Asks: 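Pasting a structure here, questions to come.
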Amino acid sequence: MHCTNTSMTRTDFQFVSSIRWALGSVFMWGLTLGMWGQETDFSPYARFGLGTQQGLLSPGLASTVGLVSVTPDNVFLHADQPASAAGLANPTFQASAHSQRMQLSEGERTSNAWTGGPGNMGLVVKKPRSNSALSLGLTPLTSKAFSVQRVAEDSLVGNLLERYEGTGGVARAHAGVSHGWRGKTWFQAGADSVLVSHRGLDLGAQVDHWFGDARQISTLDLEDPSFRDVQTVTSFRHRAAGWILGAQGFQVLHAKYDENKQFKGSWVMRFGGTYSPARTLNTDYERLVQSTLPLGGVTTGIDTSSFEQSERSGTVPQKWTVGGGIQRDGAKGNRLGIFVDVHGQDWSEANATLGHLMDGAGSWGDAWSRSLAVVWTPARKPGKVNRSTYRMGVNTSTLPLRISTQFGDPAVALEEWRVSAGVNKPLAGSRSASQLHFGMDFGRRYTELETLHTETNLRIHVGVTLTPFVKNLWLTPRLYD
């Protein structure tokens, strides 16, 4: 038996310290945000039982604000695009957390809050440089959380304080497989030629499971002590299973090499899409209406007016996305890409099967989203292989909610616009492709009637992706003495 003593170099120590610092930062920030509260969307119109779709809660994906069908660079596992795992060069682990500032306005009434929580977590298992991959992940899907209140006056009972509080939501666990194919051709290089991958196609399939408990508490607090207060507690425990198909590819439109076979630049077209069929959403529904009185500073139920408990089911409609873009690669590793993405989901049919998830003031409607994203990587500097990548985007959406007005007019759609920016930076001292990611997105939800309902929020994201060093590969058999 042979024993070998291995010493750690200064570079290895810095790399390990960087990884520990990154993981510790994400963990501690997520823990701190969890202590602030679980609220990520405090709108009373948060799809009620199902919650409002939160979007992509990871820095790299949030900074391209809704780009789903196409992955601009092979750095992240995209939870909504199963084919993205095949394009990653190495096994990858990713995690993130976020914080946000929100403000809700209805007429002259305004409420705001600081909230936050964990974001997407994912793991890609594959052999280095392999075209096949297995992906696993857990990500927040929707949020029911909000906390608002308003004061009204009544000529009979005096001042009324209305409080609306929500907690919980729906999360999604997913597992997928993907595989890619590459085609090669010869490009002219002076008097000679060079063999290059000029087209590729990645296909992926993913199964997922939705689960969660969304609760809402509505309280009517009468300042006159001779009247009892009224509290309504509603609970929705959701579960649903489904699957997603995804595809993305690229085609080199033009590539240039010099007589020394050195790369001088290229134009690449990227394209992709996803499809998710309709799925059945099963819900354990409970609704309790009771009279309450404050006893010792604690709101206590003293009389039950009504109680309802049932099992309900409905259909979540199919969803599709399609998109593409043009990418310019320079001789020094610089890259500029412009991408567009469109997705749609017909929620109007959900009024027949998921009406129990909506309040009397809301109904389901068709949803659309349109995104434009720009990704830029600067030229390579001498002695540095890894570089930062900068992202920005803009998105406009029609959310699946229609809000009824007080005057009997047709219901109005809840619209949204968002802008975003972000950067990923290589870990200091690391010889791998591991990176830190920072992103932010700012948005506003509104209707045609400005005084009816307005939401404004700013989100800040931080995350990390960890990949192995080329000489310290994960999941690779080794021979030891």
Side-chain angles (χ1 to χ4, degrees), residues 12 14-31 33-34 56-64 71-98 117-141 171-180 202 204 206-208 246 385-386 388-389 391 422-439 461-478:
D12 292 335
Q14 291 177 343
F15 172 61
V16 173
S17 299
S18 298
I19 291 181
R20 290 176 177 175
W21 176 83
L23 290 175
S25 298
V26 172
F27 175 77
M28 291 302 296
W29 197 24
L31 179 62
L33 297 179
L56 303 169
L57 295 178
S58 66
L61 303 178
S63 58
T64 53
T71 305
D73 49 6
N74 299 324
V75 177
F76 310 100
L77 169 64
H78 200 311
D80 294 330
Q81 172 53 284
S84 62
L88 296 176
N90 293 299
T92 302
F93 171 77
Q94 66 185 37
S96 64
H98 75 282
N120 170 261
M121 296 183 63
L123 175 66
V124 175
V125 181
K126 65 183 304 183
K127 292 183 179 180
R129 304 297 177 182
S130 171
N131 289 331
S132 300
L134 169 68
S135 60
L136 305 168
L138 177 66
T139 184
L141 183 66
R172 175 163 66 101
H174 56 87
V177 294
S178 58
H179 185 76
D202 298 330
Q206 175 181 288
V207 294
D208 57 24
V385 178
N386 296 327
S388 298
T389 297
R391 299 174 175 83
V423 59
N424 57 276
K425 180 179 177 59
L427 283 176
S430 172
R431 294 179 293 175
S432 71
S434 300
Q435 297 182 347
L436 288 175
H437 308 278
F438 304 93
H461 309 259
V462 63
V464 63
T465 55
L466 300 178
T467 60
F469 174 52
V470 66
K471 294 184 178 180
N472 186 27
L473 300 178
W474 306 342
L475 310 175
T476 300
R478 297 180 178 87

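If you're wondering where the values come from, they're calculated on a predicted model, not measured in any experiment.
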Asks: What's the shortest heavy-atom distance between Phe438 and Val462, and which atoms?
Replies: CE2-CG2, 3.6 Å

Asks: Can you tell if the side chain of His437 reaches within under 4.5 Å of the side chain of Thr465, non-hydrogen atoms only?
Replies: yes

Asks: Thr71: what forms a side-chain hydrogen bond (donor to acceptor under 3.5 Å, both in side chains) with it, not counting sequence neighbours?
Replies: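 Thr71 satisfies side-chain hydrogen bond (donor to acceptor under 3.5 Å, both in side chains) with Gln248 once adjacent residues are dropped.
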
Asks: Got a second to check how far Leu436's CG is from Leu466's CG, nearest 0.5 Å?
Replies: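 If I round to the nearest 0.5 Å, the distance is 9.0 Å.
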
Asks: So, taking the atom named CG in Leu88 and the one named OG in Ser135, what distance separates them when rounded to the nearest 0.5 Å?
Replies: 9.5 Å

Asks: Rounded to the nearest 0.5 Å, how far apart are CG of Asn120 and NE2 of His78?
Replies: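 Going from CG on Asn120 over to NE2 on His78, the span is 9.5 Å.
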
Asks: Are any of the side-chain heavy atoms of Ser388 and Pro426 separated by less than 4.5 Å?
Replies: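 Yes - at least one pair of side-chain heavy atoms lies under 4.5 Å apart.
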
Asks: Search all heavy atoms of Gly180 against all heavy atoms of Ala86 and return the closest pair with its distance.
Replies: N-CB, 4.0 Å

Asks: Closest heavy-atom contact between Ser178 and Pro82?
Replies: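 Taking Ser178 first and Pro82 second, the nearest heavy atoms are CB-O, 3.6 Å.
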
Asks: Go through the steps to decide whether Leu138 and Arg172 satisfy the test side chain to side chain contact (heavy atoms under 4.5 Å, CB included), and finish with yes or no.
Replies: CA-CA 6 Å; Leu138 177 66; Arg172 175 163 66 101; over 6 Å; no

Asks: A side-chain contact here means heavy atoms from C-beta on lying under 4.5 Å apart; do Thr467 and Gln94 qualify?
Replies: no

Asks: side-chain hydrogen bond (donor to acceptor under 3.5 Å, both in side chains) for Ser96 and His461? Distances and angles first, verdict last.
Replies: CA-CA 7 Å; Ser96 64; His461 309 259; over 6 Å; no

Asks: Are any non-hydrogen side-chain atoms of Val125 and Pro91 less than 4.5 angstrom apart?
Replies: no

Asks: Locate the shortest heavy-atom distance separating Lys126 from Ser132; write the atom from each residue and the value.
Replies: CB-O, 3.3 Å

Asks: At their closest point, which heavy atom of Pro140 faces which heavy atom of Gly119, and how far apart are they?
Replies: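 Pro140 and Gly119 have their closest heavy atoms at CD-O, 3.5 Å.
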
Asks: Counting C-beta onward and ignoring hydrogens, is there a side-chain heavy-atom pair between Thr92 and Leu77 closer than 4.5 Å?
Replies: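 Side-chain contact under 4.5 Å: no.
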
Asks: Do you know which two heavy atoms are closest between Ala133 and Ala85, and how far apart they sit?
Replies: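 Smallest interatomic distance, heavy atoms only, reads CB-O, 3.7 Å.
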
Asks: For Asn424, which residues count as a side-chain hydrogen bond (donor to acceptor under 3.5 Å, both in side chains) partner, sequence neighbours excluded?
Replies: Arg391, Gln435

Asks: Would you say Gln206's side chain and Ala79's backbone share a donor-acceptor pair under 3.5 angstrom?
Replies: yes

